[in-house]
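Chain naming here is simple, since letters A, B, ... match the order of the sequence lines and numbering starts at 1 in each.
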Number of protein chains: 2
Amino acid sequence: MSTRREAVRQALTESSGFRSAQDLYADLRADGSKIGLTTVYRALQALSDSGEVDVLRTDDGEAVYRACDTESHHHHLVCRTCSTAVEIEGPAVERWAADVGAKHGFSGVTHTVEVFGTCGPCSLRSAQQGSAQQV
Amino acid sequence: MSTRREAVRQALTESSGFRSAQDLYADLRADGSKIGLTTVYRALQALSDSGEVDVLRTDDGEAVYRACDTESHHHHLVCRTCSTAVEIEGPAVERWAADVGAKHGFSGVTHTVEVFGTCGPCSLRSAQQGSAQQV
DNA sequence: ACCAGTTTTGACAATCATTTTCGTTTTCGT
DNA sequence: ACGAAAACGAAAATGATTGTCAAAACTGGT
């Protein structure tokens, strides 16, 4: 684990939400690091390969990453405004997905489940003013 | 509903699986159409805006589309090999997602749920030979 | 059939995230 | 300290998607 990769992991850990490679690159540069964009991509690739970070795709296809507390299988409840995420489990959903696959004769069944919404703080904020803010 | 858009919808309907804009463009051109790539993208945009087709993102961020039988909320069981999809419903999952969101104080809760696997025919095919085939 | 205005189209350029390339710098073992 | 291997980063390449803009097709009224 090189210093650079550690820096990327660190930057990711400081956020409770999902961040894109470009975001992290900007953060790191803003903190004075001389890291290159390529390295950020490589670090994220390695971290997600090893299962240390979770990846998902935004609606416009951008990959976003998150350093989760657990490396075991789980899903996320993600705020659409600030991107903060809560790790959630759903044994019932796991079972359901496996059953559905089996019922239709599919093998090697996996699934993706993400829940989106507006978190409490962001709801309040947008109710008071008219503008949403990105954290 | 212009002729071009209709042609795109038609091309999509002829497949039981998810297709990318580039795929559809290739199909249409192969059938002799003089349609442009830009138009295919525009048609898909319009069709998905109006809810006539479903969209999802592949692991590498490419958008893929499908003309589903129903326009009501549903999920998919998708074959990883041939991309054929089965429309599925899961009342339990709907409820679970809404509950999870509410429990954490999130509002406007939505969710994405997709199940992946290898369909029966594709399983057989890859068991017999070593090569997988794209339909 | 004809015209003026609107809509649709498609070739091409522009974007933008991500990946490759490739020479340079670091790290490590000895 | 020395050389091989791994990590870096700047710049170019890639590939899907979107923006631009002039030409083509379609519209309703005549």
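Atom pair A:Q45:CD and D:dA7:P shows a separation of 14 Å (rounding to whole Å applied). At whole-Å resolution of the value, CG in A:L37 and C1' in D:dA12 are 14 Å apart. A straight line from CD of B:Q22 to P of D:dT14 spans 16 Å, rounded to a whole angstrom. As a whole-Å value, the separation of B:Y41 OH from C:dA13 P is 18 Å. In this structure, the CZ atom of A:R5 is 13 Å from the P atom of D:dG9, given to the nearest Å. Summarising the geometry, the separation between CG on B:L47 and P on C:dT8 is reported as 13 Å, rounded to the nearest angstrom. A straight line from CG of B:L44 to C1' of C:dG10 spans 15 Å, rounded to a whole angstrom. Atom C1' of nucleotide C:dT9 and atom CD of B:E6 are separated by 17 Å, given to the nearest angstrom.
For B:D60 and B:T58, the side-chain atoms include at least one donor-acceptor pair closer than 3.5 Å. Of the N and O atoms on the side chains of A:R80 and B:T110, at least one donor lies less than 3.5 Å from an acceptor on the other residue. Donor-acceptor pairing under 3.5 Å is recorded for the side chains of A:S50 and A:E52. One side chain, A:T84 or A:S16, offers a donor N or O that lies under 3.5 Å from an acceptor on the other.
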Produce the list of close N/O pairs, under 3.5 Å, pairing protein atoms with atoms of nucleotides 20-23 of chain C; give distances to one decimal.
none

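Using a 4.0 Å cut-off on heavy atoms, the residues of residues 55-64 of chain A that approach DNA chain C are A:E62, A:A63, listed by number. DNA chain C lies under 4.0 Å from at least one heavy atom of each of the following residues of residues 23-35 of chain B: B:K34, B:I35.
Cluster annotation: B:V64 is connected to B:V78 through the hydrophobic network of ILVMFWY side chains, with a link wherever side-chain heavy atoms come within less than 4.5 Å.
Between B:H111 and B:H75, the ring planes are tilted. Angles from 30° to 60° get that label.
The partner of C:dT7, taking Watson-Crick or G-U wobble pairs whose two distances both stay under 3.5 Å, is D:dA24.
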Item to check | Verdict with reasoning, A:I88 to B:H104, per side-chain contact (heavy atoms from CB on, under 4.5 Å) | outcome: CA-CA 10 Å; A:I88 56 182; B:H104 289 275; 4.2 Å; yes
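From B:T13, atom OG1 reaches atom CD of B:E6 across 8.0 Å, with rounding to the nearest 0.5 Å. Here CG of A:D23 is found 13.0 Å from CZ of A:F18. Values are rounded to the nearest 0.5 Å. Atoms CG and NZ, from A:L77 and B:K103 in turn, are 11.0 Å apart once rounded to the nearest 0.5 Å. How far NZ of B:K34 is from OG1 of B:T39: 14.0 Å, rounded to the nearest 0.5 Å.
Residue A:T39 places at least one side-chain N or O under 4.0 Å from the OP1 or OP2 atom of D:dG9.
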